[in-house]
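Just so we're on the same page: letters track the sequence lines, and every chain starts at 1. Everything numeric here is computed off the predicted structure, so don't read it as measured data.
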Protein chains: 2
Amino acid sequence: MVEIKRTAARKNNGLSASQEDYLEAILNVADASGIARSTDIAVSLGVAKPSVTGAIKLLAQRGLVNYKPYGCVTFTQKGVSQAGRVAQRHEIIKSFFINILGVDAAIAQKAACKAEHLLGPVIISRMRDFTNLTKKKAGPGRIPARIEKVKGTKR
Amino acid sequence: MVEIKRTAARKNNGLSASQEDYLEAILNVADASGIARSTDIAVSLGVAKPSVTGAIKLLAQRGLVNYKPYGCVTFTQKGVSQAGRVAQRHEIIKSFFINILGVDAAIAQKAACKAEHLLGPVIISRMRDFTNLTKKKAGPGRIPARIEKVKGTKR
DNA sequence: CTAAAAAGTTAGTTATGGCTAACATTCTTC
DNA sequence: GAAGAATGTTAGCCATAACTAACTTTTTAG
């Protein structure tokens, strides 16, 4: 903990966890329905609409999205790549949880949403390498019976 | 993300990440020097002294520590066990990062500090089982050469 | 035993990021 | 094309959790 000195946003290009969440949500919504409307983003994140307006304006200030009042949100060049990086981290973590730890997809999904904002590049890349190797070689990933049993622990 | 509806503290017995950090710091400081003094806690967390006073009062309200102005902090029964649980999670995550992912101890330490507040019981227990099994059987944990190489990626 | 240093506290400020209520704009449908 | 629904925005508020400056209490040296 700590080491976040002031603005709460420092890690990735100065984006806070919340801002990364918005980037990711915009990406997901846009992927799903072609455009990113404020209401859909709000639903996707489970926040109220005014929260979206505020967040979008911040992202626009940072040059990550194009904001036009009452229009829909689009990414800038910088924005797409940032969002992509976040989504990538999410995917790596989620896969790792599912394929290596043998965790339920839903649980992996939720945990990845949180962990993606705070695990650094070293750990993320290890997770990626680990997952890849395991897939290819069906190697370390063999989850032994004892752990399989634990799987029943629903929650 | 999301699913934290209001108070930002919901997960573990209603403790926020910050409060868990304080519990852990109190434990560490007490372990190291016998008693938990405010200044040491502040140093250990890298926060200013008034932040500690505020946090301690909150923990006292929740019945986790005993607070007496100008006195040093002690745990209640509830407090010790809570702090212990947090420390346990920390340890499990850190060990996993070090022993399974093959990550540097310092990086593992920092990442564990953050992850301990948000990874749920399922994932934590998988990490523990995985680490234990690996240690005993020297099994899945064999990190292949390719990953070893990545180790050099300092930061 | 007293004066200075160290430790702890209070009061007040700041930043992030959520919320509701009320207003504005755009879309849709007759 | 106008009325109502849907969508988006503004303004103002709340909670968490950090900070600094100034003050109080306790500890420690001489």
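The shortest distance between side-chain heavy atoms of A:Ser51 and A:Tyr22 falls below 4.5 Å. Between A:Leu45 and A:Val52, every side-chain heavy-atom pair lies at or beyond the 4.5 Å cut-off.
Atom NZ of B:Lys68 is separated from atom P of C:dT9 by 12 Å (rounded to the nearest Å). B:Asp40 has its CG atom 14 Å from the P atom of D:dT27, to the nearest Å. Between B:Tyr67 atom OH and C:dG8 atom P there is a gap of 10 Å when expressed in whole angstrom units. Separating the CZ atom of A:Arg37 from the P atom of D:dA5 is a distance of 18 Å, rounded to the nearest angstrom. Put simply, CD1 on A:Ile41 is 16 Å from C1' on C:dG18, counting in whole angstrom units. Between the CD atom of A:Glu20 and the P atom of C:dT16 there is a distance of 16 Å, rounded to whole Å. Between B:Leu45 atom CG and D:dA17 atom P there is a gap of 13 Å when expressed in whole angstrom units. One can place CD1 of A:Ile26 at 15 Å from C1' of D:dG8, the figure rounded to the nearest angstrom.
Taking every heavy atom of residues 48-58 of chain B and every atom of DNA chain C, pairs under 4.0 Å involve B:Lys49, B:Pro50, B:Thr53, B:Lys57, by number.
Here A:Thr76 pairs with nothing under the side chain to side chain donor-acceptor pair (under 3.5 Å) rule; sequence neighbours left out.
Put simply, B:Tyr70 has no side-chain N or O that comes within less than 4.0 Å of OP1 or OP2 on D:dC23. Look at B:Ser18 and you'll find a side-chain N or O under 4.0 angstrom from OP1 or OP2 of D:dA18. For A:Thr39, a side-chain nitrogen or oxygen approaches OP1 or OP2 of D:dG8 to under 4.0 Å.
Test B:Lys114, B:Arg89, B:Arg62 against B:Glu20 for salt bridge (Lys or Arg N to Asp or Glu O under 4.0 Å) and you get one pass: B:Arg89.
A:Gln82 and A:Arg85 share a side-chain donor-acceptor pair at under 3.5 Å. If you check the side chains of B:Asn99 and B:Thr131, you find no donor sitting under 3.5 Å from an acceptor.
The nearest pair of heavy atoms linking A:Val103 to B:Arg126 is CG2-CG, 3.8 Å.
Ranking D:dA17, D:dA18, C:dT9 by closeness to the B:Ser16 side chain, first place goes to D:dA17.
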